[in-house]
Amino acid sequence: MLKSEKEAMVQELAAKFAKAKSIVVAEFRKIDVATATQLRRKLREGGVEYRVIKNTLAKRAAQGTSVSAIADDFVGPIALAIGYEDLVAPAKILMEFLKDRDFLKIKSGVVNGQRMNAAEINALSKLPGLPELRASLLGLLLQPATQLVRTLAEPGSRLARVLAQRLEKNS
């Protein structure tokens with residue numbers, strides 16, 4: 001790789017690190033192409049970028065960003081799961097994918113500028129993601145309106161039932 005290509009890659013990574021909301025560092029061993037492709041597809045569907053990068057380039061790119069807190073973990077064969085929208089998505093997708101597999105080991109991560117160890121990343125993966133939070137918030141917002149509609153409709157429903165029973169009795 002030419003020096004100019006390395007510099008361009010470092011600048012690109014630094015820009016990605018600066019706008020990332022969460023990054024998970026994973027060490028991988030003995031992963032086949034089909035499994036790696038499957039993992040990349042799941043991460044991409046979740047809005048997460050998966051990068052296998054050279055450690056020295058990653059360390060240079062991390063300087064001056066919040067990722068510098070985990071730059072010491074850029075040792076050995078590592079991959080980065082970078083989340084730009086949902087804070088929980090990288091951890092959640094990786095941990096879900098690793099349930100039955102042992103080729104990846106979570107080393108650390110950064111969420112909103114704070115360093116997290118592997119145990120904290122595991123705990124983070126159990127939190128609801130952005131779509132789940134949006135759905136529960138929508139449910140909370142709709143609940144009072146639904147109750148109001150039911151309350152307003154109940155007297156009319158009761159009257160209709162009473163009239164129906166009266167008609168049945170008289171016929």
Quiz item: If only atom types and distance count, is the side chain of Thr146 paired as donor or acceptor with the main-chain N or O of Leu142 below 3.5 Å?
Solution: yes

Exercise. In plain terms, say whether Glu168 and Arg166 are close enough for a salt bridge, that is, a side-chain N and a carboxylate O under 4.0 Å apart.
Key: no

Quiz item: Can you tell me if Lys21 uses its side chain to pair, donor with acceptor, with the backbone of Leu87 under 3.5 Å?
Solution: no

Quiz item: Do other residues, nucleotides or ligands put more than 12 heavy atoms under 6.0 Å from Met95 CE?
Solution: yes

Practice problem: Would you verify whether the NZ or CZ of Lys19 falls within 45 degrees of the ring axis of Tyr84 while also being under 6.0 Å from that six-membered ring's centre? | Solution: yes

Practice problem: Give a yes or no on this: more than 12 heavy atoms of other residues, nucleotides or ligands lie within 6.0 Å of atom CD of Gln38. | Solution: yes

Quiz item: Hey, what do you get for NZ (Lys92) to CG (Asp86), rounding to the nearest 0.5 Å?
Solution: 8.5 Å

Self-check item: Spacing of Ile106 atom CD1 and Ile121 atom CD1 [to the nearest 0.5 Å]
Solution: 7.5 Å

Practice problem: Can you measure from CZ (Phe74) to CD1 (Ile53) and round to the nearest 0.5 angstrom? | Solution: 5.5 Å

Self-check item: Between CD on residue Glu49 and CD1 on residue Ile23, distance to nearest 0.5 Å
Solution: 9.5 Å

Practice problem: Using a strict 4.0 Å threshold on nitrogen-to-oxygen distance, state whether Glu154 and Arg150 make a salt bridge. | Solution: no

Exercise. Would you mind reporting whether Leu167 and Leu163 have side-chain heavy atoms less than 4.5 Å apart?
Key: no

Self-check item: Min side-chain heavy-atom separation Leu39-Tyr50 under 4.5 Å
Solution: yes

Quiz prompt | Heavy-atom side-chain contact between Thr35 and Asp32 under 4.5 Å | solution = yes

Exercise. Would you indicate whether the side-chain heavy atoms of Val75 and Lys107 approach each other to under 4.5 Å?
Key: yes

Practice problem: Answer yes or no: is there a side-chain heavy-atom contact under 4.5 Å between Leu124 and Val111? | Solution: yes

Self-check item: Approximate separation, where rounding is to 0.5 Å, of Ile70 CD1 and Phe17 CZ
Solution: 7.5 Å

Practice problem: For the pair Glu12 and Arg51, find out whether any cationic side-chain nitrogen is under 4.0 Å from an anionic carboxylate oxygen. | Solution: yes

Quiz item: Hey, mind stepping through Met116 and Ser108 against side-chain contact (heavy atoms from CB on, under 4.5 Å) and telling me if it holds?
Solution: CA-CA 6 Å; Met116 300 183 101; Ser108 63; over 6 Å; no

Exercise. Take Val24 and Val110 through the side-chain contact (heavy atoms from CB on, under 4.5 Å) test and state the conclusion after the steps.
Key: CA-CA 7 Å; Val24 176; Val110 172; over 6 Å; no

Practice problem: Would you please test Glu5 and Lys3 for salt bridge (Lys or Arg N to Asp or Glu O under 4.0 Å) and show each step? | Solution: CA-CA 5 Å; Glu5 291 174 330; Lys3 185 175 181 177; over 6 Å; no

Exercise. Check whether any side-chain heavy atom of Lys6 sits under 4.5 Å from a side-chain heavy atom of Leu57, and report yes or no.
Key: yes

Quiz item: Going from CD on Gln114 to CD on Glu120, what distance comes out if it is rounded to the nearest 0.5 angstrom?
Solution: 9.0 Å

Exercise. Apply salt bridge (Lys or Arg N to Asp or Glu O under 4.0 Å) to the pair Arg115 and Asp73, showing each step before the final yes or no.
Key: CA-CA 11 Å; Arg115 177 182 169 68; Asp73 293 331; 3.0 Å; yes

Self-check item: Derivation of the side-chain contact (heavy atoms from CB on, under 4.5 Å) call for Val48 and Arg44
Solution: CA-CA 5 Å; Val48 177; Arg44 193 172 31 252; over 6 Å; no

Quiz item: So, does Lys42 use its side chain to make a donor-acceptor pair with the main chain of Thr37 at under 3.5 Å?
Solution: no

